[in-house]
Engineer: 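Got a structure for you, written out below as structure tokens; questions coming shortly.
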Amino acid sequence: DVKVTQSSRYLVKRTGEKVFLECVQDMDHENMFWYRQDPGLGLRLIYFSYDVKMKEKGDIPEGYSVSREKKERFSLILESASTNQTSMYLCASSTNRGGDYGYTFGSGTRLTVV
Amino acid sequence: QKEVEQNSGPLSVPEGAIASLNCTYSDRGSQSFFWYRQYSGKSPELIMFIYSNGDKEDGRFTAQLNKASQYVSLLIRDSQPSDSATYLCAVRRDYKLSFGAGTTVTVRA
């Protein structure tokens, strides 16, 4: 079965901490994405990557960075966590093969910054 | 103007009825269109996608696309309590999907 795995389901971090969110997919997908989801705002794209070592800014990249050293792993980094980064973070992957480009999502990480 | 707009709901329908969800999008270059279902506390799961004008049916679900009107809809026939969820419309341009805020559907027994 197709899998996108996010390393933590729940995280609580302190303001100013550096936070790493990990995402691994086992489907040999080329494209990987990080979104955050907030009530009333829907899913907003933070960063995405369409190849190893490639990254592109999404709609809300400020305060975040990413790393993709291997095809299967895409990490989101909060350089200095702030309370307005409290959110649900969703990783997704997709493939250019097959034509539909639909995403498969991970189970999400609910991050609370205190 | 938001890129993808949906009625937020909630939409309440009796069991066995048809639930109708609507979505409009602003980018005429959008290439394909998706409906995701998200249960409370869970991540979105793909229901179906459509890329040509007209209807596409999959079981109890029918997606409809009208590119001229920039409109996508989802019909859920014979609604069941298990269909109670938030439904997200998404549109694709190149690699990326843009999502609407979702419509919450409640199916009452």
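Atom set for the values below is all heavy atoms of this structure, side chains included, hydrogens, waters and symmetry mates excluded. Each chain gets a letter, A, B and so on, in the order the sequences are listed, and its residues count up from 1.
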Engineer: Where does B:Tyr95 contact chain A at under 4.5 Å (heavy atoms): side chain, backbone, both or neither?
Structural biologist: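 Both parts, backbone and side chain.
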Engineer: Is the charged tip of B:Lys96 near the ring of A:Tyr50: under 6.0 Å from the six-membered ring centre and within 45° of its axis?
Structural biologist: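 Not satisfied by the 6.0 Å and 45° rule.
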Engineer: Any donor-acceptor pair under 3.5 Å linking the side-chain atoms of A:Ser94 with those of A:Asn31?
Structural biologist: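 Present: a donor and an acceptor within the cut-off.
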Engineer: Just by distance, with hydrogens left out, do B:Thr104 and B:Thr86 show a side-chain donor and acceptor under 3.5 Å apart?
Structural biologist: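 Side-chain D/A pair, B:Thr104 to B:Thr86: present.
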Engineer: For A:Tyr47, which of A:Asp59, A:Ile60, A:Val66 qualifies under side-chain contact (heavy atoms from CB on, under 4.5 Å)?
Structural biologist: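 With A:Tyr47 as partner, side-chain contact (heavy atoms from CB on, under 4.5 Å) holds for just one option, A:Val66.
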Engineer: Check each atom of A:Leu43 against the heavy atoms of chain B and say whether the ones under 4.5 Å are side chain, backbone, both or neither.
Structural biologist: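 The answer is both parts of A:Leu43.
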Engineer: Show which residues join A:Leu41 in its hydrophobic cluster (side-chain heavy-atom contacts under 4.5 Å, direct or indirect), or state none.
Structural biologist: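 Traced through the cluster, A:Leu41 reaches no other member.
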Engineer: When you look at CZ of A:Arg9, are more than 12 heavy atoms from neighbouring residues, nucleotides or ligands closer to it than 6.0 Å?
Structural biologist: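 Atom CZ in A:Arg9 is crowded, with more than 12 foreign heavy atoms closer than 6.0 Å.
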Engineer: Is it the backbone or the side chain of B:Gln38 that comes under 4.5 Å from a heavy atom of chain A, or both, or neither?
Structural biologist: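 Only the side chain of B:Gln38 comes within 4.5 Å of chain A.
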Engineer: When rounded to the nearest 0.5 angstrom, what is the spacing between CZ in A:Phe33 and CG in A:Leu76?
Structural biologist: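 Spacing of CZ (A:Phe33) from CG (A:Leu76) equals 14.0 Å.
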Engineer: Measure the CD-CZ distance between A:Gln25 and A:Arg73 for me, rounded to the nearest 0.5 Å.
Structural biologist: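 Going from CD on A:Gln25 over to CZ on A:Arg73, the span is 11.0 Å.
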Engineer: Considering heavy atoms only, which positions within residues 63-78 of chain B lie below 4.5 Å of chain A?
Structural biologist: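 Within residues 63-78 of chain B, near chain A: nothing under 4.5 Å.
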Engineer: Heavy-atom distance under 4.5 Å to chain B: side chain of A:Gln37, backbone, both or neither?
Structural biologist: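 Only the side chain of A:Gln37 comes within 4.5 Å of chain B.
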Engineer: Is A:Tyr103 close to chain B through its backbone or its side chain, or both, or neither, when contacts mean heavy atoms under 4.5 Å?
Structural biologist: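 Both the backbone and the side chain of A:Tyr103 come within 4.5 Å of chain B.
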